[in-house]
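Note sheet for the following structure.
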Amino acid sequence: MAMRITTKMMQSRALTNINTNKALQEKLTQQMSTMKKITRPSDDPVIAIRSLKLNASLNKIDQYYEKNTEDAESWLELTESAVNTVSNILTSARKYIVQAANGELTATDRSAIVENLSNYITEIYATGNADSDGRSIFTGYRTNTSLTFQQDKTEKYEITEQWSNTCLGTEVFVRTGDLATINEGNFTTKSTTQYEVESVVVPRIRMAYKNLDFDATAANNADAANVQIGFQVDTEVTNDATLGAGVTVNTTSCTMFVAQTATATGELQVSVTNSDGTTADYTIPNNGTVVPIGNNTELSIVNGQLVINETSSKTGQVYKKTTLDCKLDGTSYTLGSQYETSLTVTNRYSSMTTCNPDGSYTYAYDQVLGEANADNIVYVAETGELLLGTNIQAQLASLASDATINITYDKTEWEEGDLDPIHYFYAKKYEDIDPDVNNYVAGTKYIEYNAEKLTDPDSDNANQIISYDVGNNQSIRVNTTADEVFTHDIGRDMAEVVNMLNDYITLDETYSKIDKLIKSEEYDGEELDKLKAQLEALDKARALAKDKVQTTCTSLIGTCDGYIKNTTLAYTDIGARASRLSLIQNRLGAQQTNFEELVSNNEDADVTDLAIQLSSVQLTYEAALSSISYVMQTSLLDYI
């Protein structure tokens, strides 16, 4: 059957083709203007999906390359500059310490050393306040706080320092009595003679801060200051068949044998033999209550752990290693991997030297001298020291190198430039309940800082390591923490040199005054004899003070070399991280270029091809318009 094709049908088909051609022209024109293959996912779903994946990868690379690595690079450059500054200051300070170790110094030389070292202390810690875009770079996670206090403040902190036995040191004290205060108007009332002038060496632990809390109005010495010292050591728990069923617990301070048996009713029987040979027996019923059979040692259960108080008054707790079981009901108690003990601070003083109303002097260090004071520990608030009797020194020195010594104390008065303890130690900052009188009460509210330093001191969280992501599953450490460079000991050591030199300068100036009085020939008889005796005493005191400066500074040269070594290591570590970062940046740059090319190949249109297609479509469109004009003309046939 033949089909009739009318003019109307031809016109309709022609218009449809023209519109299709026009739509293609518009699509090509839009591609030409946007330079993209598609403008909507429906144009080509394959290209759209691939584009999403490639752009997501490119965005991550852009974040790593253009933001993270640049920020890390800036942080490392600022850190490197600050550490280098500290290294240069320490090198200069070492030269002055070497100069101070030389006994042949003029008064001008000593004054110059004092001034320069004092300035260096300030400058070193001021360098630690460096920041990157408003973020402190040496304060770990607390980038919104400065390393040092920016003004004087009154705020109570309870600080716990953690040491090994390397913190043990000695200090030389020169007993000078009232010699430094002698002048023309009072020399007849001063009584110190050369026989009273002496030098003593005292074992000590120097805390991080000076001017610690001391309450002179306390009813008894124990309440004058909160200070605690204790240590933790690893224990060796072994089974000894010759001693029967049980375990031997060995620490550097004690040995005890713990034997266990069970009664018919399932009660645990424990026998504890101390290092002194004394033995105590206990029955532990199923309810966990300790019933002592002997009274030489106290034993209790705390959270399923056996807590043993030795007859030597050292309190110990052993936990988490060896289990003692009640046989019938399976109740378990533990002995363990660590032994904790506390030491008693016997005396507390506000200052090292105190002038009494009768003109005599009390020296805090006298309380640890001699066999009678061998077990004493003396706290001195002004200098921030614990002075140790010889027995205490020996006990702490015998600890294993990995033993931890904990020292807890309070400090309320802070000066501008003091290092903020929250960047170094486990600390509690107490709420001031009465700002007018700074009345802090135990048990009031406080903010706790750095608890992980006690529980997991080697973790990144405890050390507050900041790392930047610079790639998939790749990060780089950017920060150097304060305790790696800006240690308290740097300032404390330099301050001690300054104090020693000032003490010598004072004695030397007093010596010159007394010598001048003698040479003036204005005095005779008992007054002249008094002046000569005081001159002899001052000469001896000067000699001892000079020897103290030389000996201490000679020792500090090696210590200063250690500080310089630490800063050099920190500087080298920063440089190594910067070099690694540079390699990462090169890789990320190459990856960025590669992914940009992939994205371009996937999304970007070919301009040349588009131009050819668009030209062809335009010609076709124009030709179609021309040809359809003839078809669209009205003729007589349209009416048939």
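Residue numbers count from 1 along this sequence.
- Using modelled atom types and a 3.5 Å distance limit, the side chains of Thr481 and Asp483 yield a donor-acceptor pair.
- Residues Asp469 and Lys60 are not paired through a salt bridge, judged by the lack of any N-O separation under 4.0 Å between the basic side chain and the carboxylate.
- Judged by a 6.0 Å distance limit and a 45° cone about the ring axis, Arg175 is positioned over the six-membered ring of Tyr363.
- Judged as a ring pair (Phe, Tyr, Trp, His ring centres under 6.0 Å), and not counting sequence neighbours, the contacts of Phe173 are Tyr365.
- For the pair Lys428 and Tyr446, the cation-pi test (distance below 6.0 Å, angle within 45°) is passed.
- Using a 4.0 Å cut-off between a side-chain N of Lys or Arg and a carboxylate O of Asp or Glu, Asp573 and Arg577 qualify as a salt bridge.
- A salt bridge does not link Glu448 to Lys453: none of the charged side-chain nitrogens sits closer than 4.0 Å to a carboxylate oxygen.
- Within 6.0 Å of the NZ atom in Lys153, the count of heavy atoms belonging to other residues, nucleotides or ligands exceeds 12.
- A cation-pi arrangement, defined by a distance under 6.0 Å to the six-membered ring centre and an angle within 45 degrees of its axis, is present between Lys156 and Tyr430.
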Residues Phe138, Val83; criterion side-chain contact (heavy atoms from CB on, under 4.5 Å); working and verdict = CA-CA 10 Å; Phe138 292 106; Val83 171; 4.2 Å; yes
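- Between Arg206 and Asp489 there is a salt bridge, since a side-chain N of the basic residue sits under 4.0 Å from a carboxylate O of the acidic one.
- Salt-bridge formation is not detected for the pair Arg110/Glu509: no Lys NZ or Arg NE/NH1/NH2 atom is positioned less than 4.0 Å from an Asp or Glu carboxylate oxygen.
- Looking at Ser164 and Thr166, their side chains do bring a donor and an acceptor atom within 3.5 Å of each other.
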Determine, stepwise, if the pair Thr404 / Trp163 fulfils side-chain contact (heavy atoms from CB on, under 4.5 Å).
-> CA-CA 6 Å; Thr404 302; Trp163 297 90; over 6 Å; no
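- Salt bridge status for Arg542 with Asp508: present, with a side-chain N to carboxylate O gap under 4.0 Å.
- Each of Asp71, Asn68, Asn479 was scored for a side chain to side chain donor-acceptor pair (under 3.5 Å) with Tyr468, with one residue passing: Asp71.
- Every residue two or more places apart in sequence or in another chain that forms a side-chain contact (heavy atoms from CB on, under 4.5 Å) with Ser74 is listed here: Leu78, Ser132.
- No more than 12 heavy atoms of other residues, nucleotides or ligands sit less than 6.0 Å from atom NZ of Lys210.
- Using modelled atom types, one finds no donor on one side chain facing an acceptor on the other under 3.5 Å when comparing Glu484 with Thr480.
- In this structure, the ring of Phe486 has its center no less than 6.0 angstrom from the ring center of Tyr125.
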